[in-house]
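Quick notes on the structure that follows.
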Amino acid sequence: QVQLVESGGGSVQAGGSLTLSCAVSGYTYRRHCMGWFRQVPGKEREGVATIYIGDDISGGSTWYADSVKGRFTISADNAKNTLYLQMNALKPEDTAMYYCAADLSILDIFLGKPKYWGQGTQVTVSS
């Protein structure tokens, strides 16, 4: 049974930093993709960052939404089966529920339709 469990959300003032973690269990593939998404009430869920995890030359490739480029960093620790999202220079518009997700297909991640989702962790940024 695949489980993705996020942690690290909280409240922070604008300009502050948070690191989200996503512990993964029951999911072991040499090549797969993981991503962070966020959603605010009344709006569609949007992709924030994606990472390709693999033992080939493309392993470690990342993609970021324009709104977070230069401020957020996605990374993965394969030994710990954990995905991270380092968020710096946070803005009030970053306030959202953040979800991690996983899929064998990077296309499904980019389409916002990954097979596995976590339950989410709330990030609130005050001005």
Side-chain angles (χ1 to χ4, degrees):
Q1 181 180 357
V2 177
Q3 284 191 319
L4 282 66
V5 180
E6 302 95 334
S7 61
S11 298
V12 64
Q13 288 192 329
S17 298
L18 282 174
T19 300
L20 304 184
S21 299
C22 175
V24 183
S25 61
Y27 184 89
T28 54
Y29 295 99
R30 283 173 40 236
R31 299 176 183 178
H32 61 280
C33 302
M34 297 197 70
W36 289 97
F37 293 77
R38 65 186 181 187
Q39 188 172 24
V40 296
K43 291 189 177 182
E44 290 189 0
R45 186 153 43 191
E46 64 169 344
V48 175
T50 298
I51 185 168
Y52 170 67
I53 300 168
D55 57 359
D56 57 358
I57 195 171
S58 297
S61 298
T62 57
W63 169 91
Y64 296 92
D66 288 342
S67 59
V68 306
K69 277 181 182 177
R71 300 188 298 121
F72 290 12
T73 302
I74 187 171
S75 63
D77 185 329
N78 293 334
K80 295 182 179 180
N81 288 331
T82 302
L83 181 72
Y84 301 99
L85 185 67
Q86 174 68 44
M87 305 185 294
N88 298 327
L90 283 161
K91 304 175 181 180
E93 51 264 44
D94 294 318
T95 295
M97 183 72 79
Y98 283 73
Y99 301 86
C100 72
D103 200 294
L104 291 178
S105 167
I106 194 167
L107 178 61
D108 285 342
I109 292 277
F110 283 142
L111 291 174
K113 298 177 180 180
K115 186 173 183 178
Y116 303 106
W117 290 95
Q119 83 290 347
T121 185
Q122 178 68 36
V123 172
T124 302
V125 184
S126 58
S127 57

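Every heavy atom of this structure was used, including side-chain atoms; hydrogens, water molecules and symmetry mates were not. Treat the numbers as computed from the prediction; the structure is a model and nothing was measured.
Across all non-hydrogen atoms, the minimal contact from S58 to Y52 is O-CD2, 3.2 Å. Between I109 and G35, the closest heavy-atom pair is CD1-N, 4.3 Å. Considering every non-hydrogen atom in both P92 and A14, the closest pair reads CD-CB, 4.1 Å. The two residues Q13 and V125 come nearest to each other via the heavy atoms C-CG1, 4.0 Å. In plain terms, the two heavy atoms of K69 and Y64 that are nearest each other are CE-O, 3.4 Å. Between G112 and F37, the shortest heavy-atom distance links the atoms CA-CE2, 3.8 Å.
Defined by atom type and a distance below 3.5 Å, a donor-acceptor pair is present between the side-chain atoms of Q86 and T19.
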Passes side chain to side chain contact (heavy atoms under 4.5 Å, CB included), T95 versus Q122? Steps please.
CA-CA 8 Å; T95 295; Q122 178 68 36; 4.0 Å; yes

Let me see the working for L90 and F72 under side chain to side chain contact (heavy atoms under 4.5 Å, CB included), right down to the final yes or no.
CA-CA 9 Å; L90 283 161; F72 290 12; 3.8 Å; yes

What's the verdict on side chain to side chain contact (heavy atoms under 4.5 Å, CB included) for V68 and R38, showing C-alpha distance, side-chain angles and the deciding distance?
CA-CA 12 Å; V68 306; R38 65 186 181 187; 4.0 Å; yes

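Remark: the backbone N or O of C22 is not paired with any side-chain donor or acceptor of E6 at under 3.5 angstrom. Panel note: side chain D103, backbone K115; a donor-acceptor pair is recorded below 3.5 Å. Judged by distance alone, with hydrogens and angles left aside, the side-chain atoms of W117 form no donor-acceptor pair with the main-chain N or O of L4 at under 3.5 Å.
Residues F110 and W63 place their aromatic rings such that the two centres sit under 6.0 Å apart.
Taking CE of M34 as the reference point, atom CD1 of I51 lies at 9.5 Å (rounded to 0.5 Å). Atom CG of D55 sits about 4.5 Å away from atom CZ of R31, to the nearest 0.5 Å. Atom OG1 in T50 sits 12.0 Å away from atom CH2 in W36 (nearest 0.5 Å). For the atom pair CG of L18 and CE of M87, the computed distance is 4.5 Å after rounding to the nearest 0.5 Å. Rounded to the nearest 0.5 Å, atoms CG (L85) and OG (S21) are 9.5 Å apart. Taking CD1 of I53 as the reference point, atom OG1 of T62 lies at 11.5 Å (rounded to 0.5 Å).
V5 and Y27 end up in different hydrophobic clusters when Ile, Leu, Val, Met, Phe, Trp and Tyr side chains are linked at under 4.5 Å.
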